[in-house]
Asks: 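Sharing a structure here in structure tokens format.
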Amino acid sequence: MSEKPTIYKGLEGIYVYETAISYIDGFNSRLYYRGYRIEDLAEHGSYEETVYLLWYGRLPTRRELKDFKGNLRENMELPPPVIEVIKKIPKDTHPMEALRTVVSYLGNFDPGRFDMSLEGMFRKAIRLTAKFPTIIAAIARARQGKEIIDPDPRLGLAENFLYMLNGERPPELWARAMDVSNILYAEHGMNASAFATLVVGSTLSDYYSAIVAGIGALRGPLHGGANELAMRQFIEIGDPDKVEEWFEKARAAKRRIMGMGHRVYKSYDPRARIFKKYAKMFADSVGGDLKRYYEVAERLEEVALAKLAEKRIFTNVDYWSGIVYMGMGIPLDFYTPLFAMARVAGWSAHLFEYVAQNRLIRPRAYYVGELDKEYIPLEQRG
Ligand code: CMC
């Protein structure tokens, strides 16, 4: 047998290709999309502008952004058979599973679904990015037995999502917070879900299969599923005075603090800082339980960082986003779908970039089993 190679569990520290899409400076709390700081994009930009930036590699002019938005707007509606499928999904299905099902089914209606050329993928990415908010809002309403609302072509993707979810135009703070959430979650390098999409894309399979793989990977609690679980952890604690006791018990039980720790960030995630600001705004304006959960989260962050920062475990993006979503009345199990709704932009950007310089992703696993064993026919095995 060959000499044992170095094994990089979890592919930690492995670079799979060269990218110009985003850069994480994990020791200095910095995240850049195409060279622009995340703080600037969240302060001044919009999700649509961010998607353009990620896909085209530069900020759009006013005219280009207008056309791009128009293109998205024309693609927001769902084919009627897809709406029928959404209505038939069992009510106890987790929305991430529902989303995976619907995106997969939607692929059947795309006229150029097997076209993996750059132009073909681009067209599909526009269609899907435009439809994501419509799909998620429709899943939420169908589950509650409510009628499904068509997108309003006058509204952008974030505002439209809230409109289709609630049946009325959201307050300004909500629309802005949802847009910022989309910007913050849009892209994040070679994380598990982006890699999953590339594994599928690298076989020259099809765009929808690649995105479905991304959704599947994102759902897990160690990845995007953490935003829902972080909120559930604040609810479980329930009271800021119970934080210390809860934390000690959690540590003793070797429970992980959801929304903390990261494979790349060894400092405070800059996206978490922005979400925290919005979480505070919602906590102050909504008050009641939300304010209490914010205080729980704040206290837990303080206690956890005091103990965990020496291990270089800090707050990540999924810690504070739930408070913002709860402030808008979004059901807990829709938090990870909101992550997916934004991340489809990053997954698509990586697919464009990777497939253009494609190489089949095919790593190895080092074999440690036996060899040359005698095969005993079934009838002689007893
Ligand atoms: N709470 C408590 N301890 C932790 C945590 C945490 N959240 N995260 C890591 N650790 C400890 C871990 O137990 C280990 O300790 P020891 O060396 O004593 O065994 C040490 O830190 C290193 O952990 P690791 O598992 O080797 O680190 P990793 O790079 O594999 O972990 C992670 C990254 C995100 C899976 C992990 O930090 C985690 O499970 N966090 C909680 C889930 C979470 O918030 N996920 C969202 C990630 S950010 C958004 C996204 O990309 O989806």
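Every number for a ligand or one of its atoms is a count from 1 in the order of the listing. Note that the structure is predicted; figures quoted are calculated from it, not measured. Below, each value reflects all heavy atoms present in this structure, side chains not excepted, and no hydrogens, waters or symmetry copies.
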Asks: Is Gly259 in polar range of ligand 1, meaning some N or O pair under 3.5 Å apart?
Replies: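 Yes; the residue has a nitrogen or oxygen that sits under 3.5 Å from a nitrogen or oxygen of the ligand.
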
Asks: Provide, to 0.1 Å, the distance between atom 49 (C) of ligand 1 and the closest protein heavy atom, together with that atom's residue and name.
Replies: Asp318 OD2, 3.2 Å

Asks: Side chain or backbone, does Met260 bring an N or O within less than 3.5 Å of an N or O on ligand 1?
Replies: yes

Asks: Thinking salt bridges, do Glu187 and Arg34 make one under a 4.0 Å N-O criterion?
Replies: no

Asks: Please report whether ligand 1 has a polar contact with Arg263, defined as an N or O pair separated by less than 3.5 Å (distance criterion only).
Replies: yes

Asks: For atom 40 (N) of ligand 1, is there a protein heavy atom at a distance under 4.0 Å?
Replies: yes

Asks: Centre of Phe352's six-membered ring, under 6.0 Å away, within 45 degrees of the axis: is that where NZ or CZ of Arg123 sits?
Replies: no

Asks: Kindly state each residue pair satisfying ring pair (Phe, Tyr, Trp, His ring centres under 6.0 Å) with at least one member in residues 232-264, sequence neighbours excluded.
Replies: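 Only His188-His262, Phe234-Tyr319, His262-Tyr265 qualify under ring pair (Phe, Tyr, Trp, His ring centres under 6.0 Å).
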
Asks: With heavy atoms of Pro221 as the reference, note each atom of ligand 1 found under 4.0 Å away.
Replies: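 Taking each heavy atom of Pro221 in turn, ligand 1 has 42 (C), 45 (N) under 4.0 Å.
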
Asks: Among all protein heavy atoms, pick out the one at the shortest distance from atom 3 (N) of ligand 1; state its residue, atom name and that distance to 0.1 Å.
Replies: Arg251 NH1, 3.6 Å

Asks: Say whether Arg271, considering both its backbone and side-chain N or O atoms, lies within less than 3.5 Å of an N or O atom on ligand 1.
Replies: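 Min N/O separation from ligand 1 is not below 3.5 Å for Arg271.
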
Asks: For atom 10 (N) of ligand 1, grab the closest protein heavy atom and report residue, atom and distance to one decimal in Å.
Replies: Ile313 CD1, 3.2 Å

Asks: Would you mind running through ligand 1 and noting each atom that sits below 4.0 Å from a heavy atom of His223?
Replies: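 Answer for ligand 1: 45 (N), 46 (C), 50 (C), 51 (O), 52 (O).
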
Asks: Less than 4.0 Å from atom 43 (C) of ligand 1, is there any heavy atom belonging to the protein?
Replies: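 So atom 43 (C) of ligand 1 has protein heavy-atom neighbours under 4.0 Å.
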
Asks: Between Leu222 and ligand 1, does any nitrogen or oxygen pair lie at a separation below 3.5 Å?
Replies: yes

Asks: Report yes if Arg255 has an N/O atom closer than 3.5 Å to an N/O atom of ligand 1; otherwise report no.
Replies: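 In this structure, Arg255 places no N or O atom under 3.5 Å from an N or O of ligand 1.
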
Asks: Please determine if Arg273 and Glu39 form a salt bridge, counting it only when a charged side-chain N lies under 4.0 Å from a carboxylate O.
Replies: no

Asks: Just jot down the ligand 1 atoms closer than 4.0 angstrom to any heavy atom of Gly261, in number order.
Replies: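 Contacts of ligand 1 toward Gly261, numbered from 1: 34 (C), 37 (O).
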
Asks: Rounded at 0.5 Å granularity, tell me how far CG in Asp115 sits from CZ in Phe122.
Replies: 13.5 Å

Asks: Below 4.0 angstrom from a heavy atom of Gly224, which ligand 1 atoms are there? Numbered from 1 as shown, please.
Replies: 52 (O)

Asks: Are any non-hydrogen protein atoms located under 4.0 Å from atom 7 (N) of ligand 1?
Replies: yes

Asks: Apply side-chain contact (heavy atoms from CB on, under 4.5 Å) to His350 and Met190, showing your working.
Replies: CA-CA 9 Å; His350 283 286; Met190 205 35 43; 3.7 Å; yes

Asks: Under a 4.0 angstrom heavy-atom cut-off, which atoms of ligand 1 come close to Lys311?
Replies: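 Counting from 1, the qualifying ligand atoms are 15 (O), 16 (P), 18 (O).
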
Asks: Report the nearest protein non-hydrogen atom to atom 27 (O) of ligand 1: residue, atom name, distance rounded to 0.1 Å.
Replies: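 Result: Arg256 NH1, 4.6 Å.
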
Asks: Polar-atom distance check: Asn316 versus ligand 1, any N or O pair below 3.5 Å?
Replies: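 Such a contact does occur with ligand 1.
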
Asks: Which residues pass the ring pair (Phe, Tyr, Trp, His ring centres under 6.0 Å) test with Tyr207, not counting sequence neighbours?
Replies: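 Ring pair (Phe, Tyr, Trp, His ring centres under 6.0 Å) list for Tyr207, sorted by chain: empty.
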
Asks: Taking only heavy atoms of Val317 into account, list the atoms of ligand 1 that are under 4.0 Å away from them.
Replies: 49 (C)

Asks: What residue and atom, counting heavy atoms only, is the protein's closest point to atom 1 (N) of ligand 1, and at what distance?
Replies: Ile257 N, 3.0 Å

